[in-house]
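A note on names: the letters A, B, ... follow the listed sequences, proteins ahead of strands, and every chain is numbered from 1.
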Amino acid sequence: MVSGGAWAGVERPVASPSMSDVSPRFRFAPSPTGFFHVGGARTALFNWALARRLGGRFVLRIEDTDEARNRPEWTDGIIDALAWLGISADDPVFEGPHFQSDSAQSHLAAAERLVASGNAYYCAMTPEEITERAGAEGGTGYGGWSRDLGLGPGSGRVLRFRVPDGSTVVHDLVRGEVSFDNAVIEDFVLVRGNGSPVFNLANVVDDIEMGITHVVRAEEHLPNTPKQQMIWDALGHAPPVWGHVPVLVNEQRKKLSKRRDKVALEQYRDEGYLATAMVNYLMTLGWSAGDDREIRPWAEIESLFRLEDVNLSPAFFDIKKLAAFNGEYIRMMPIDEFVAECDRWVPADWDRERLAAIATHIQPRLVTFSDLPGIVDFLFGDVVTDDDSWSKTMSTEYARPLLESTIGQYSELGDWSADVLKSTLELVMEPFGVKLGKAQAPVRVAVTGRTVGPPLFESIEVLGREETLVRLGRALEQLAT
RNA sequence: GGCCCGUUCGUCUAGUGGCCUAGGACACCACCCUCUCAAGGUGGCGGCACGGGUUCGAAUCCCGUACGGGCUGCCA
């Protein structure tokens, strides 16, 4: 099933220090410049699925060469978030994290080699000078003006790549062959004026040194790819297998932005989304197994996922659908597991037995775990009565007499069980000529404070006789005033 | 502006020339079930961007147009 030309790249000679290592090496290379977002998570997951299924490795490399924006806590955030998704050093497929800043020497050494081989040259022009000259010549961007000046290194001088004539064809597993005319690619910067390597150089050198065979990343990198492929060539290595997957977009169809959009993975975790649901949902964005099933366990996804099946167009990250997946996953949890998960979402002093007793009725009603306290709080403290609920249900003629009668009957009940509580109320309501739907309303508001909630009689059973009667009595008092 | 990528229901997708009267999922609506709210069940709404080709036959292949996006940085 995996056979065929598409994966020929796996077979190609790997330009790696350890040539014995023929298994595919994938990598995920985020930069620690903000919260880890869902787009990055999906890219990581794609790589993870591939690395695991093909018996390869998943290399995590933190690209921390942007000194102005890097912060160590972002790195921790990335590692934590990946672990939450199930991508961590606990699995031997995982390798890293490596830090790009640790290999600055290699980047510079590679730069030297490029200079020596004539593939790179120094340029002393400032950005301002470039803009000015470009404007004067009626163009935009750098025109290769320092190409043949024979400049040596020096403070403030950048090192540029000498883009050769011709064209560069990128073989992409997702998009096919993409051809770029080298004439439209300007001599880009490899090393900054301050001596630090730029992304395109560092990225390629690291990939080469880490023996990376497959680069699977977001489509926004596609325009970088010809540049990077030229560097691979110039450094004497066969380029990796490329795979550019579509970006994730917001409702405006713009690439997800950390600043503008709610996309931080840890935010979803804190709101009570299950990692399993998040992972499953993310994998359906831009990919499907080709059948009508969307919900499936990771093991299955992993065995089915193929880059060739990834879509070409951007996908909207739909929180509503994520929520639906989450509800689905919550309902699929064995009850013990569900109860265990509930534990960390409610205050420590809430009675765990009580929580467990009502859990089975809560499970189908939960979309995210952060909703949990608000649904069951009436079982663990004073009732907080919702004004709208009160006025809606207590203004009826029968509310008061029905409550009175309910108190009377409930206080004499021998068997305090949901079934009996229900049938008792059914007896109580008869004289008022209302159905159970109406009759339960004032009782519900008196006991839970709201018109909506878990099944009433089960809740009352769990609440217990004493507290229930207190609450009914209190409501009656309030009605009388 | 230039280069590159893309375009199937509102959204995520199935579809690789006849199985398509375009299937599924989320959302939405209705009904059923029902102690409220959910869950569950049934049904409904809704789409191949447009125009030309190629072909006996096109959502599927080709060309063009439109629209959207990405990149165009001494960010990654």
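Contact annotation for Ala441(A): no contact, since no heavy-atom pair falls under 4.0 Å across all strands. Within the 4.0 angstrom heavy-atom criterion, no nucleotide atom of any strand lies near Thr33(A). Using a 4.0 Å heavy-atom distance criterion, Gly327(A) is classed as making no nucleic acid contact. Phe316(A) comes within contact range of the sugar-phosphate backbone alone, with a heavy-atom separation under 4.0 Å but no base atom that close. Here Pro454(A) lies in heavy-atom contact (under 4.0 Å) with a base. If you check every strand for non-hydrogen atoms under 4.0 Å, His244(A) touches nothing. When heavy atoms are screened at a 4.0 angstrom cut-off, Leu456(A) is found touching base atoms of the nucleic acid. Contacts of Thr451(A) with the nucleic acid, taken as non-hydrogen atoms under 4.0 Å apart, include base atoms. Among the atoms of the strands shown, base atoms are found under 4.0 Å from some heavy atom of Val158(A). In this structure, Arg293(A) reaches neither bases nor backbone, as no heavy-atom distance under 4.0 Å exists between it and the strands shown. Among the protein residues, Glu458(A) comes within range of the nucleic acid bases, having at least one heavy atom under 4.0 Å from a base atom. Residue Gly141(A) is out of contact with every strand shown, counting any heavy-atom pair closer than 4.0 Å. Residue Met125(A) is in base contact, counting any heavy-atom pair closer than 4.0 Å across all strands shown.
With hydrogens and angles ignored, no donor-acceptor pair closer than 3.5 Å exists between the side chain of Glu219(A) and the base of C71(B). Not a single donor-acceptor pair, N or O on each side, falls under 3.5 Å between the base of C37(B) and the side chain of Arg450(A). With hydrogens and angles ignored, a donor-acceptor pair closer than 3.5 Å exists between the side chain of Glu294(A) and the base of G24(B).
The two residues Val383(A) and Gly449(A) make their nearest non-hydrogen contact at CG1-N, 3.5 Å.
Contact check, Asn224(A) against C75(B): no side-chain N or O comes under 4.0 Å of OP1 or OP2. Considering only side-chain N and O atoms, Lys255(A) lies under 4.0 angstrom from the phosphate OP1 or OP2 of C71(B). Between Lys254(A) and G69(B) there is a side-chain N or O to OP1 or OP2 distance below 4.0 Å. For Lys422(A), a side-chain nitrogen or oxygen approaches OP1 or OP2 of C35(B) to under 4.0 Å. Look at Ser288(A) and you'll find a side-chain N or O under 4.0 angstrom from OP1 or OP2 of A14(B). Between Arg175(A) and G70(B) there is no side-chain N or O to OP1 or OP2 distance below 4.0 Å. Side-chain N/O atoms of Arg217(A) include none lying less than 4.0 angstrom from OP1 or OP2 on A76(B).
In the model, Tyr268(A) has no side-chain atom that pairs as donor or acceptor with a side-chain atom of Asn326(A) under 3.5 Å.
The listed nucleotides are C74(B), A76(B), G70(B); the one nearest the side chain of Phe199(A) is A76(B). Comparing A76(B), G68(B), U13(B) against the side chain of Asn311(A) picks out U13(B) as the nearest. Closest contact between the side chain of Pro455(A) and the listed nucleotides C35(B), U7(B), A76(B) involves C35(B). Nearest to the side-chain atoms of Asp292(A) among the listed nucleotides U36(B), A39(B), G23(B) stands G23(B). Of the candidate nucleotides G23(B), G2(B), C74(B), G2(B) has the atom lying nearest to any side-chain atom of Val184(A). Set against U11(B), C3(B), G6(B), the side chain of Phe180(A) has C3(B) as its closest nucleotide. Comparing A27(B), C74(B), A39(B) by their nearest atom to the side chain of Pro364(A) picks out A39(B). Here the nucleotide nearest the side chain of Lys320(A), chosen from G70(B), C35(B), C26(B), is C26(B). Of the candidate nucleotides A27(B), U36(B), G6(B), U36(B) has the atom lying nearest to any side-chain atom of Arg365(A). Comparing C74(B), U7(B), U11(B) by their closest approach to the side chain of Arg253(A) singles out U11(B).
Regarding Ile78(A), its CD1 atom lies at a distance of 11 Å from the C1' atom of A76(B), rounded to whole Å. Per the geometry, NE2 belonging to His361(A) stands 16 Å off C1' belonging to G40(B), to the nearest Å. Between Lys321(A) atom NZ and C12(B) atom C1' there is a gap of 5 Å when expressed in whole angstrom units. Counting to the nearest Å, the P atom of A76(B) and the CD1 atom of Ile231(A) are 12 Å from each other. Summarising the geometry, the separation between CG on Asn250(A) and C1' on C12(B) is reported as 15 Å, rounded to the nearest angstrom.
Comparing the C1' positions of U7(B) and A59(B) gives an interatomic distance of 12 Å, to the nearest angstrom. Comparing the P positions of A25(B) and A14(B) gives a spacing of 15 Å, expressed to the nearest Å. Nucleotides G52(B) and C74(B), compared at atom C1', are 48 Å apart to the nearest Å. To the nearest whole angstrom, the two C1' atoms, one in U36(B) and one in U42(B), are 23 Å apart. Here, A58(B) and A49(B) have their P atoms 16 Å apart, quoted to the whole Å. Comparing the same atom, C1', in G47(B) and in C9(B) gives a spacing of 4 Å after rounding to whole Å.
Judged by the 6.0 Å and 45° rule, Arg450(A) forms no cation-pi pair with Phe378(A).
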Open item on the list: Arg61(A) vs Glu209(A), test: salt bridge (charged side-chain N to carboxylate O under 4.0 Å, His left out). Steps then yes/no.
Closed with: CA-CA 12 Å; Arg61(A) 183 175 70 233; Glu209(A) 297 202 343; over 6 Å; no

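The pair Glu137(A)-Arg133(A) meets the salt-bridge criterion, with a side-chain N (NZ, NE, NH1 or NH2) lying under 4.0 Å from an Asp/Glu carboxylate O.
Base-pair partner of C19(B): not found among the strands shown (Watson-Crick or G-U wobble, both distances under 3.5 Å). If you check C74(B) for Watson-Crick or wobble pairing at under 3.5 angstrom, you find it has no partner at all. Nucleotide C61(B): paired with G53(B) (Watson-Crick or G-U wobble, both distances less than 3.5 Å). For C26(B), the paired nucleotide is G10(B), the pair qualifying as Watson-Crick or G-U wobble because both relevant distances are below 3.5 Å. Summarising the base pairing, G46(B) is matched to no nucleotide, lacking a Watson-Crick or G-U wobble pair whose two defining distances lie under 3.5 Å.
Within the 4.5 Å cutoff, the side chain of Pro240(A) has heavy atoms near those of the Trp232(A) side chain. Val443(A) places a side-chain heavy atom less than 4.5 Å from the side chain of Leu403(A). Between Pro297(A) and Thr276(A) there is no side-chain heavy-atom pair separated by less than 4.5 Å.
In this structure, Asp181(A) and Gly437(A) both approach RNA chain B, and ranking their closest nucleotides by distance from the 5' end singles out Asp181(A). Sequence order on RNA chain B of the closest nucleotides to Leu436(A) and Ala29(A) puts Leu436(A) first from the 5' end.
Centroid-to-centroid, the aromatic rings of His361(A) and Phe457(A) stay 6.0 Å apart or farther.
Among Phe317(A), Tyr329(A), Tyr273(A), the one residue that satisfies the side chain to side chain contact (heavy atoms under 4.5 Å, CB included) test with Tyr281(A) is Phe317(A).
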